[in-house]
Amino acid sequence: QVQFVESGGDLVQAGGSLRLHCVTSVSTFSIRTIGWYRQAPGKQRDWVASISRGGTTSYVDSVQGRFTISRDNAKNTVDLQMNHLKPEDTAVYYCNVPGSDKWGQGTQVTVSS
């Protein structure tokens, strides 16, 4: 089963930017769709963005226009560029494939107001 290692989280001020990084244990080319998810304190884990093997992207409405997901099949990585961050973006961020119940450690993003 594919494993993911996330990194890049940090404490930033509102309006700032972060780039999250996800390394996969297998070739990303072998994975049809990869997504980023987040879990805020006391809330369920939610989907944030996805990218297909062919590069088609989709986003939850709350991050549309602010976040950009990308994948590099040569490096087996999936990144999430986050701009114009808001306090409500504070969460632990994870990458995974749809339908999987095996999660990595995630990376903490904290946005101060």
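In what follows, every heavy atom counts, from backbone to side chain, and hydrogens, waters and symmetry copies are set aside. For clarity, every value in this text was computed on a predicted model and none was experimentally measured.
Crowding of E88 atom CD: a count of heavy atoms from other residues, nucleotides or ligands under 6.0 Å exceeding 12.
In this structure, W36 is a member of the same hydrophobic cluster as V60, with clusters built from ILVMFWY side-chain heavy atoms closer than 4.5 Å. Residues V48 and V23 fall into different hydrophobic clusters, defined by Ile, Leu, Val, Met, Phe, Trp and Tyr side chains chained together at heavy-atom separations under 4.5 Å. Placement of V5 and V26 in two distinct hydrophobic clusters is found when ILVMFWY residues are connected by side-chain heavy-atom separations under 4.5 Å, directly or transitively. Residues L11 and V92 do not share a hydrophobic cluster, clusters being chains of Ile/Leu/Val/Met/Phe/Trp/Tyr side chains in contact below 4.5 Å. Linking Ile, Leu, Val, Met, Phe, Trp and Tyr residues whenever their side-chain heavy atoms come within less than 4.5 Å places M82 and V12 in a single cluster.
A distance of 5.0 Å separates OG1 of T24 from CD1 of I31, quoted to the nearest 0.5 Å. To the nearest 0.5 Å, the span separating OG on S30 from CG on N73 amounts to 9.0 Å. Atom OG of S100 and atom CD of Q3 lie 10.5 Å apart (nearest 0.5 Å). Note that CD1 of I51 and CG of L80 are 10.5 Å apart. Values are rounded to the nearest 0.5 Å. Interatomic distance, CG of N96 versus CD of E6, reported as 8.0 Å (0.5 Å rounding). From H84, atom NE2 reaches atom CZ of F67 across 11.0 Å, with rounding to the nearest 0.5 Å.
I34 pairs in a side-chain contact (heavy atoms from CB on, under 4.5 Å) with only one of the listed residues (T28, V2, I69), which is T28.
Taking the side chain as every heavy atom from C-beta outward, R38 and V109 never approach each other to under 4.5 Å. With a 4.5 Å cut-off on side-chain heavy atoms, C95 and V78 do not count as touching.
Contact between Y59 and T68 at its shortest, heavy atoms only, is OH-CA, 3.3 Å. Closest approach of P98 and T33 over heavy atoms only: CD-O, 3.4 Å. Heavy atoms only, all atoms of each residue included: S113 and A14 are closest at CA-CB, 4.4 Å. Taking each heavy atom of S70 and R19 in turn, the nearest pair found is OG-NH2, 3.6 Å.
Judged by distance alone, with hydrogens and angles left aside, the side-chain atoms of T90 form a donor-acceptor pair with the main-chain N or O of V111 at under 3.5 Å. R71 places a side-chain N or O within 3.5 Å of a backbone atom of S52 that can act as its donor or acceptor partner.
Using bins of under 30°, 30° to 60° and over 60° for the plane-to-plane angle, the ring pair W103/Y94 lands in the perpendicular bin.
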Can you list the steps and then say if Q81 with D79 is a side-chain hydrogen bond (donor to acceptor under 3.5 Å, both in side chains)? CA-CA 6 Å; Q81 177 67 42; D79 287 359; over 6 Å; no
